[in-house]
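What follows is a short report on a single structure.
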Protein chains: 2
Amino acid sequence: MLGTQAAERLPMPAPTPAPSAGPAGSVRRRAGRPTAAILDQDGITTAALELISTKGYNGLTMAALARSLGVAPSALYNHVASKHDVLLLVEDHLAAMVDVSAFGVEPWDAAVRRWAWSYRDVFSEHTPLIPVIAVLPVANAPKTLAMYEAVTAGFRDAGFPEEKIISAIVALEAFVFGAAYDVNAPEDIFDAGSLAEQVPNLTAAVDRLAKERHALPTDIAFSLGLEALIAGFGALRG
Amino acid sequence: MLGTQAAERLPMPAPTPAPSAGPAGSVRRRAGRPTAAILDQDGITTAALELISTKGYNGLTMAALARSLGVAPSALYNHVASKHDVLLLVEDHLAAMVDVSAFGVEPWDAAVRRWAWSYRDVFSEHTPLIPVIAVLPVANAPKTLAMYEAVTAGFRDAGFPEEKIISAIVALEAFVFGAAYDVNAPEDIFDAGSLAEQVPNLTAAVDRLAKERHALPTDIAFSLGLEALIAGFGALRG
DNA sequence: ACCTGAACACCGTTCAAGT
DNA sequence: ACCTGAACACCGTTCAAGT
């Protein structure tokens, strides 16, 4: 690995002696503490998001992240304890992008609808974070915490019984996470192929959906489930 | 790695000359094709499941799998194309354990309830498979395909409109997958800790749930969501 | 066809040394 | 405190050689 890195370093003819903190391609910085810190958690988060959007989650390695920030991989560990920490930073950034603005403004059902669709859309591009967020103590992610507070307040103000609010949010979230994966499923995921005649009911149902649908299958399923949840939960309000 | 393996091999005094195909600890087998194949996909699947149950998914490496089968890691690639293939084999084995027996026997809502709870319970112990199954073309997994056929037939026989069956199953599945993660969440996942006073609505709702609950929070949320989905979808039947 | 043994190209993480 | 450079202990996968 190190040999590879050394080989990738371009031998620059007469490099400017002032070291730059820019991304890959900048000149060598000599060892020792720099006068001003190069890294911070915000910069790491931004670089991680950029890397994810260009190379996907497979491209998000500590080495690649360090390279895009113009530092050695080990430098990252002065600012995060682990790669999991980087994923947490990214997750919390994304949580702030989920639309909770309708709570307290629009009717409860419309607010839930907006929140759930936006939540699904944000994380469908970041499914590798779902195992992280799904078991993440909210105290570790301030923006995620703020999202839950906004949603909880919206439920309470809409007359939702207090002891059922968390359960309803957890259920909606479970549905959102699963649906985020489904967005990335291939369109023909239910095609049985050569085994079609062994599963006639499934094949018939798949064909009927394909014939009559007027939107993306994943969106139809999401809408169907979300409206059932909204209707069912809405009936709980006092 | 190879050095490590060699160091781990115990120098047995006068080993029995007949090579055994047993698990780790057996004598060295010399290179070349064995008279009878040692591996097959069923054996690999069983060994993978055993490894997962004892060491978890972090312990499921191609090296560990090979060791438990008494072969070199490279031998696995004569029977599977990749580690992802191993995960597929495990996933399909688990799909056969999901309870679809109530479809066509009990009323539709009871059958869906049984199926969904059992589906959640099976995969809550195997959450690393969820990203695999969620985007898996069913043609690649015969037992998974059989599960979908049974569920689809149950929906059709219950008078479900054919063009909505797949969407309803996809929605229920999304909920099940998200809920499977939630089973593994820490109980205090929503405790804001030192930030509690900044999120008063969330904290109040968490406290109320903790005070009044008579079951596991994850089961209450699952039941709440599942019953809403069953009620909403049940109304679609003709 | 189906093994072994060696190698390859990666990973995340640790830690001494430097300023 | 916050970098670099080197090292460590892994990964999954490939492939020639052997029977």
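Lettering of chains follows the sequences in order, A, B, ..., and the numbering in each one begins at 1.
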Could you tell me whether a side-chain N or O of Arg120(B) sits under 3.5 Å from a main-chain N or O of Val183(B), the two making a donor and an acceptor?
no
Just the rounded figure in Å: distance from C1' of dG12(C) to CG of Leu65(A).
12 Å
Roughly how many Å is it from CG in Asn78(A) to P in dT4(D), rounded to a whole number?
9 Å
Rounded distance in Å - CE (Met62(A)) to P (dA9(D))
20 Å
On the 0 to 90° scale, with breaks at 30° and 60°, tag the Phe222(B)-Phe175(B) ring pair as parallel, tilted or perpendicular.
parallel
Which whole-number value in Å describes the distance from Tyr77(B) OH to dC2(C) P?
17 Å
What is the separation between atom CG on Asp85(A) and atom P on dG12(C), rounded to the nearest whole Å?
14 Å
Give Ala75(A) one of three labels, base, sugar-phosphate or nothing, depending on what nucleic acid heavy atoms sit under 4.0 Å from its own.
base
What about Thr61(B), does its side chain sit under 3.5 Å from the base of dG12(D) through a donor-acceptor pair?
no
For a 4.5 angstrom cut-off between non-hydrogen side-chain atoms, does Phe103(B) reach Val112(B)?
yes
Once you round it to whole Å, what is the distance between P of dC2(D) and CG of Leu69(A)?
15 Å
Atom-pair distance (CD1 on Ile44(A); P on dC3(D)), nearest Å:
9 Å
Expected output check: what is the dot-bracket annotation of DNA chain D, where ( ) and [ ] are pairs inside the strand (brackets for crossing ones), | is paired with another strand, and pairs are Watson-Crick or G-U under 3.5 Å?
||.|||||...|||||.||
Could you check if a side-chain atom of Leu76(A) sits within less than 4.5 angstrom of a side-chain atom of Leu69(A), using non-hydrogen atoms only?
yes
Take atom CD of Gln41(A) and atom C1' of dC2(D), then tell me their distance rounded to the nearest Å.
14 Å
Pair of N/O donor and acceptor under 3.5 Å linking dG12(C) base with Ser82(A) side chain
no
Close aromatic pair by centroid cut-off 6.0 Å: Tyr181(B) and Phe177(B):
no
Gln41(A) side chain to His79(A) main-chain N or O, any donor-acceptor pair under 3.5 Å?
yes
